[in-house]
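In what follows, a single structure is set out as structure tokens and then discussed.
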Amino acid sequence: MGVTQVPEISVGSCDRTMPVIGMGTSAYPPLDPETTKAAILEAIGAGYRHFDTAFAYGSEKPLGEAIAEALRLGLVKSRDELFITTKLWSSFAEKDMIVPAMKMSLSNLQLDYVDMYLIHWPVRLSKEVKKMPVEKREYILPLDIKSVWEAMEECKNLGLTKGIGVSNFSCKKLEELLATAKIPPAVNQVEMNPIWQQKQLREYCNAKGIHITAYSPLGANNTKWGDNRVVECDVLVEIAKARGKTPAQVSLRWLYEQGVSIVTKSYNKQRMRENLDIFGWSLSQEDSNRIAQLPQKKGVLFADVIGPYDISLQIDAEI
């Protein structure tokens, strides 16, 4: 099977272009490192060049091993062919801890730099937090956006990352960040799919020059927080049948046509390749209109992940 060439796009303040489809490496329950490494190598063989990880996923080390192996095998000629995104975990979201946290992620990845470093969540968690949901409200703290972003900017200025951005940030949180930022965030990675289209946030980010990356583009089916509402949506199933595609491909194509990039995850070899097969065809205006009218339902609720505390409910209300 051939290697799919994935288009690349410029994203704001990032020093390099980003492939529009990335492969996610978060799994629940977590997979063993060898399974993760093998899936990443398979993905590189299929054409994926953008890989999305995070300290919290526990997948930085197997991703780093897979990159080293891919270079050794000649699957890629140089590290520069890959675009690696990782994320600052909330327990390290204090100004003095961020550069060391970034260096720890680089060590896990066996890399000198990443291409994108994101603030994972718009909260800080105390050191006592060892599992989710968080056991006590006092362990969840507000994020000091100004000082945290200054340290993110330092990571970029030190050459530890080519770009900096955020994840799960609302218009309100972005407004606060932009008020003091010297380097604007290149990316805001948020839940987005045909069932949660993020129209208001997309309009805001477009106006501010912030690129949106969509996670859970297929509704996070087969995870603790997701379900099958995207891949079994009647409208998407009908469009897919008419076009000789899968509902997943229709969802991913729709996202691509909205001008966003996508982080999709499958460790299944066939679906991994199917998820790349969204170029060279398009949705009709009628298809797009039908998708635009779908009832909306948010999938990822921070109240479920962190616990139903005032601060997590506030985040859910904003985004």
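Counting heavy atoms from C-beta outward, L174 and C205 have side chains that approach closer than 4.5 Å. Using a 4.5 Å cut-off on side-chain heavy atoms (C-beta onward), E191 and K298 make contact. Between V230 and P247, every side-chain heavy-atom pair lies at or beyond the 4.5 Å cut-off. In this structure, the side chains of T85 and V114 stay at 4.5 Å or more apart for every pair of heavy atoms. Put simply, the side chain of D52 reaches to within 4.5 Å of the side chain of K87, judged on heavy atoms. At a threshold of 4.5 Å between non-hydrogen side-chain atoms, the residues L218 and L252 count as touching. The closest side-chain heavy-atom distance from V260 to M192 is below 4.5 Å. Contact annotation: the side chain of S170 never approaches that of I315 to less than 4.5 Å [non-hydrogen atoms, C-beta and beyond].
The OG1 atom of T180 sits 6.5 Å away from the CD atom of E150 when rounded to the nearest 0.5 Å. Note that CD1 of I21 is 9.0 Å distant from OH of Y256, once rounded to the nearest 0.5 Å. One distance of note links OG1 of T264 with CG of L276; it measures 9.0 Å at 0.5 Å rounding. The distance from atom CD1 of I119 to atom CH2 of W89, rounded to the nearest 0.5 Å, is 13.5 Å. Here L88 contributes atom CG and M102 contributes atom CE; the two are 9.0 Å apart, rounded to the nearest 0.5 Å. In this structure, the separation between CD on Q198 and CG on N188 is 8.5 Å, given to the nearest 0.5 Å.
Residues meeting the side-chain hydrogen bond (donor to acceptor under 3.5 Å, both in side chains) test with Q5, sequence neighbours left out: none. Here K208 pairs with nothing under the salt bridge (charged side-chain N to carboxylate O under 4.0 Å, His left out) rule; sequence neighbours left out. With sequence neighbours left out, the side-chain contact (heavy atoms from CB on, under 4.5 Å) criterion links I9 to V11, V20, H211, S261. With sequence neighbours left out, W254 forms a side-chain hydrogen bond (donor to acceptor under 3.5 Å, both in side chains) with no residue at all. Scanning for side-chain hydrogen bond (donor to acceptor under 3.5 Å, both in side chains) contacts around R202 gives Q258, with sequence neighbours left out. In this structure E274 satisfies the side-chain hydrogen bond (donor to acceptor under 3.5 Å, both in side chains) test together with Q270, sequence neighbours excluded. The salt bridge (charged side-chain N to carboxylate O under 4.0 Å, His left out) check on K127 picks up E94, with sequence neighbours excluded.
The closest side-chain donor-acceptor pair between T17 and E8 falls under 3.5 angstrom. A donor and an acceptor atom, one from each side chain of N289 and Q285, are located under 3.5 Å apart. For the 3.5 Å distance criterion, the side chains of S126 and E128 qualify, holding a donor opposite an acceptor.
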Chi angles and distances behind the side chain to side chain contact (heavy atoms under 4.5 Å, CB included) call for E154, I98: CA-CA 9 Å; E154 187 181 356; I98 292 170; over 6 Å; no
Verdict with supporting geometry, E257 and R253, salt bridge (charged side-chain N to carboxylate O under 4.0 Å, His left out): CA-CA 6 Å; E257 291 185 6; R253 177 69 200 186; 2.7 Å; yes
Stepwise side chain to side chain donor-acceptor pair (under 3.5 Å) check, H120 with S90: CA-CA 7 Å; H120 202 151; S90 303; over 6 Å; no
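Applying the ring-ring contact (aromatic ring centres under 6.0 Å, His included) test to residues at least two apart or on different chains, the pairs with a partner in residues 282-307 are W121-F302. Under the salt bridge (charged side-chain N to carboxylate O under 4.0 Å, His left out) criterion, no residue pair touches residues 175-187, with sequence neighbours excluded. Screening residues 133-191 for ring-ring contact (aromatic ring centres under 6.0 Å, His included) gives no qualifying pairs among residues at least two apart or on separate chains. Residues in residues 158-168 take part in these side chain to side chain donor-acceptor pair (under 3.5 Å) pairs, two or more places apart or across chains: N168-Y215.
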Only distances under 3.5 Å count here; give the side-chain donor-acceptor pairs of residues 58-68 to other protein atoms, sequence neighbours excluded, each with its distance to 0.1 Å.
{"unit_1": "S59", "atom_1": "OG", "unit_2": "T25", "atom_2": "O", "d": "3.4"}
{"unit_1": "S59", "atom_1": "OG", "unit_2": "T25", "atom_2": "OG1", "d": "2.7"}
{"unit_1": "S59", "atom_1": "OG", "unit_2": "T53", "atom_2": "OG1", "d": "2.8"}
{"unit_1": "E60", "atom_1": "OE1", "unit_2": "S105", "atom_2": "OG", "d": "3.3"}
{"unit_1": "E60", "atom_1": "OE1", "unit_2": "N108", "atom_2": "ND2", "d": "2.8"}
{"unit_1": "E60", "atom_1": "OE2", "unit_2": "F55", "atom_2": "N", "d": "3.4"}
{"unit_1": "E60", "atom_1": "OE2", "unit_2": "T86", "atom_2": "OG1", "d": "2.7"}
{"unit_1": "E60", "atom_1": "OE2", "unit_2": "S105", "atom_2": "OG", "d": "2.6"}

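Considering R49, R16, K156 as possible partners of D115, the one that fulfils the salt bridge (Lys or Arg N to Asp or Glu O under 4.0 Å) test is R16.
Residues L141 and L177 do not share a hydrophobic cluster, defined by chaining ILVMFWY side chains whose heavy atoms lie under 4.5 Å apart. In this structure, M116 is a member of the same hydrophobic cluster as I183, with clusters built from ILVMFWY side-chain heavy atoms closer than 4.5 Å. Note on L106: it clusters hydrophobically with F83, by side-chain heavy-atom contacts below 4.5 Å among ILVMFWY residues. Both V148 and I319 are part of a single hydrophobic cluster, where members link through side-chain heavy atoms under 4.5 Å apart. Two different hydrophobic clusters hold I40 and V263 under the rule that ILVMFWY side chains link at heavy-atom gaps under 4.5 Å.
For the pair Y309 (side chain) and V134 (backbone), a donor-acceptor distance under 3.5 Å is present. With hydrogens and angles ignored, the 3.5 Å screen pairs no side-chain donor or acceptor of N275 with any backbone N or O of A248. The backbone N or O of K199 lies less than 3.5 Å from no partner atom in the side chain of Y204, so there is not a single donor-acceptor pair.
A salt bridge links E238 to R290: at least one charged side-chain nitrogen sits closer than 4.0 Å to a carboxylate oxygen. Electrostatic pairing of R79 and D112 does not count as a salt bridge here, judged by no charged N lying under 4.0 Å from a carboxylate O.
Listed here is the closest heavy atom pair of A93 and L143: CB-CD1, 3.5 Å. Summarising the geometry of V3 relative to G45, their closest heavy-atom pair is CG2-O, 3.3 Å, with the distance given to 0.1 Å.
No cation-pi contact links R124 to F92, judged by a cut-off of 6.0 Å to the six-membered ring centre and 45° from its axis.
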